**Student:** 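Just dropping this structure here.
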Amino acid sequence: MPKSQTIQHRFATDGLTPALIAQFQQLVYDHFQRHGRELPWRTASSPYQVLVSEVMLQQTQVDRVVPKFSVFLARFPDIASLAAAPLLDLLAAWQGLGYNRRALALQRAAQAIMEQHGGSVPAEPLVLTTLPGIGPYTAGAIAAFAYNQPAVFIETNIRAVFLHYFFTGQQQVADRELLPLVTATLDQQRPRDWYNALMDLGVALKKAHPNPSRRSVHHSRQSAFQGSDRQLRGQILKLLVAEGKISPAALSKRYPNEQKRLPRIVKQLITEGFITQKGRQLQIAN
Ligand code: ADE
């Protein structure tokens, strides 16, 4: 099937017969054969590597994750090394991925895996959701990619596929409406291959059409970065990673236009466990 035809095809939402499911699966796998991506976490990845990749991919684009992923694994090759890492090293390795809270949650997840799961990433989605930073969708993705479990989950690219083929023209579609279709069409024999193929088709659909995900009630653009608290938090952490220590007074001098926000943001970073104040100096915690 030529690509354009593949992408134009539509499926009715009701009357999802075995034949229609088979046809849809064929379409998804055909696309994967022609246009599937080779990504570093797809080949011979350990459950730990899958965990790391899925947390990185939660809020960061694939192209930005790819180079960081291999550097991160070289520095933290297994759960134990991540669990034991100084936060400074962890944040240094996380630079460029954004949303540093994820790094902290990922390390806390690694520590919980060491302490409560004998050092092995759990395979059960419900158990995975008990770990810091792992919501139901990330849990499903880890179960599917790390353990080839037929878990049901949605992320932005998967959402795009189901909106495109099953909810053509409909607005404000909720995941609750998509989930039965994700369940019904899932390739029970090859969940890992299936979800890789679905995601790659979703990426292609987003490029070929006005992003179908905009018709999801869950669609949200990342809020503006310029001038945001998130930006200033990131700047403070980057500065502390690079320089080790700084006094609140010196920090104020670096950001003369941020006198109002700085104390609150520093306090937040302390409360969340990113930084500590020792004497007159702020520094990365532990
Ligand atoms: N987004 C979330 N998980 C992903 C994965 N495994 N591959 C590509 N994009 C993703």
Side-chain angles (χ1 to χ4, degrees), residues 7 25 28-29 31-73 76 82 94 96-99 101-103 105-106 109-110 121-125 128-129 131-164 175 178-179 182-183 185-187 190-209 211-214 216 218-222:
I7 286 179
Q25 289 181 341
V28 173
Y29 281 132
H31 179 272
F32 191 64
Q33 280 229 313
R34 288 162 194 272
H35 305 289
R37 296 172 294 175
E38 278 183 23
L39 296 170
W41 46 86
R42 284 188 177 173
T43 36
S45 291
S46 66
Y48 167 67
Q49 292 172 347
V50 170
L51 166 69
V52 170
S53 70
E54 288 303 327
V55 173
M56 288 183 172
L57 288 160
Q58 281 171 347
Q59 283 157 308
T60 308
Q61 299 277 335
V62 166
D63 291 350
R64 281 174 65 204
V65 170
V66 167
K68 297 282 169 192
F69 178 68
S70 49
V71 175
F72 190 93
L73 289 180
F76 310 111
L82 177 59
W94 201 266
L97 288 165
Y99 294 96
R101 277 196 193 100
R102 288 180 300 161
L106 179 59
V121 176
E124 270 295 313
L128 285 160
T129 57
L131 299 171
I134 310 290
Y137 289 169
T138 300
I142 294 168
F145 290 128
Y147 295 107
N148 207 26
Q149 292 291 310
V152 173
F153 71 97
I154 292 178
E155 54 73 67
T156 176
N157 301 309
I158 295 172
R159 203 174 270 134
V161 173
F162 285 91
L163 286 167
H164 181 84
D175 284 356
L178 303 183
L179 283 166
V182 178
T183 308
T185 56
L186 172 56
D187 181 347
R190 301 163 58 197
R192 181 188 286 131
D193 294 342
W194 173 248
Y195 279 115
N196 280 330
L198 265 186
M199 285 187 180
D200 287 2
L201 178 56
V203 170
L205 288 169
K206 286 173 165 187
K207 284 189 189 144
H209 297 271
N211 186 353
S213 299
R214 281 187 308 199
S216 164
H218 310 286
H219 181 65
S220 60
R221 299 195 173 181
Q222 288 191 349

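Since the structure is predicted, the reported quantities are computational estimates derived from the model, not experimental observations. One-based numbering, in listed order, for ligands and for the atoms of each.
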**Student:** On a heavy-atom basis, I'd like to know which of Gln58, Met56, Met199 is closest to atom 10 (C) of ligand 1.
**Tutor:**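 Among Gln58, Met56, Met199, the closest heavy atom to atom 10 (C) of ligand 1 comes from Met199.
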**Student:** Do me a favour and list the nearest non-hydrogen protein atom to atom 3 (N) of ligand 1 with residue, atom name and distance?
**Tutor:** Glu54 OE1, 2.7 Å
**Student:** Does the pair Tyr29 and Asp187 meet the rule for a side-chain hydrogen bond (donor to acceptor under 3.5 Å, both in side chains), with working shown?
**Tutor:** CA-CA 10 Å; Tyr29 281 132; Asp187 181 347; 2.7 Å; yes
**Student:** Short list, please: which atoms of ligand 1 are under 4.0 Å from a heavy atom of Arg37?
**Tutor:**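 That gives atoms 8 (C) of ligand 1.
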**Student:** Side chain or backbone of Thr156 under 4.0 Å from ligand 1, or both, or neither, by non-hydrogen atoms?
**Tutor:**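 Neither; no heavy atom under 4.0 Å.
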**Student:** Please identify which atoms of ligand 1 are closer than 4.0 Å to at least one heavy atom of Trp41.
**Tutor:**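 Counting atoms of ligand 1 from 1, those under 4.0 Å from Trp41 are 5 (C), 6 (N), 7 (N).
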**Student:** Does Leu106 reach the side chain of Arg102, with side-chain heavy atoms less than 4.5 Å apart?
**Tutor:** no
**Student:** So, Gln58 side chain and Gly133 main chain: donor-acceptor pair closer than 3.5 Å or not?
**Tutor:** yes
**Student:** Give the residue, atom name and distance (to 0.1 Å) of the protein heavy atom nearest atom 1 (N) of ligand 1.
**Tutor:**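 Nearest neighbour among protein heavy atoms for atom 1 (N) of ligand 1, to 0.1 Å: Glu155 OE1, 3.5 Å.
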**Student:** Among side-chain atoms of Asn196 and Arg42, is any donor-acceptor pair under 3.5 angstrom?
**Tutor:**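 A pair is found: one side chain offers a donor N or O, the other an acceptor, under 3.5 Å apart.
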**Student:** Side chains of Lys68 and Thr60: do they bring a donor and an acceptor to under 3.5 Å?
**Tutor:** no
**Student:** Check each heavy atom of Tyr195 against ligand 1 and say whether those closer than 4.0 Å belong to the side chain, the backbone, both or neither.
**Tutor:**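 None of Tyr195 does.
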**Student:** Which of parallel (below 30°), tilted (30 to 60°) and perpendicular (above 60°) describes Phe69 and Trp41?
**Tutor:** perpendicular
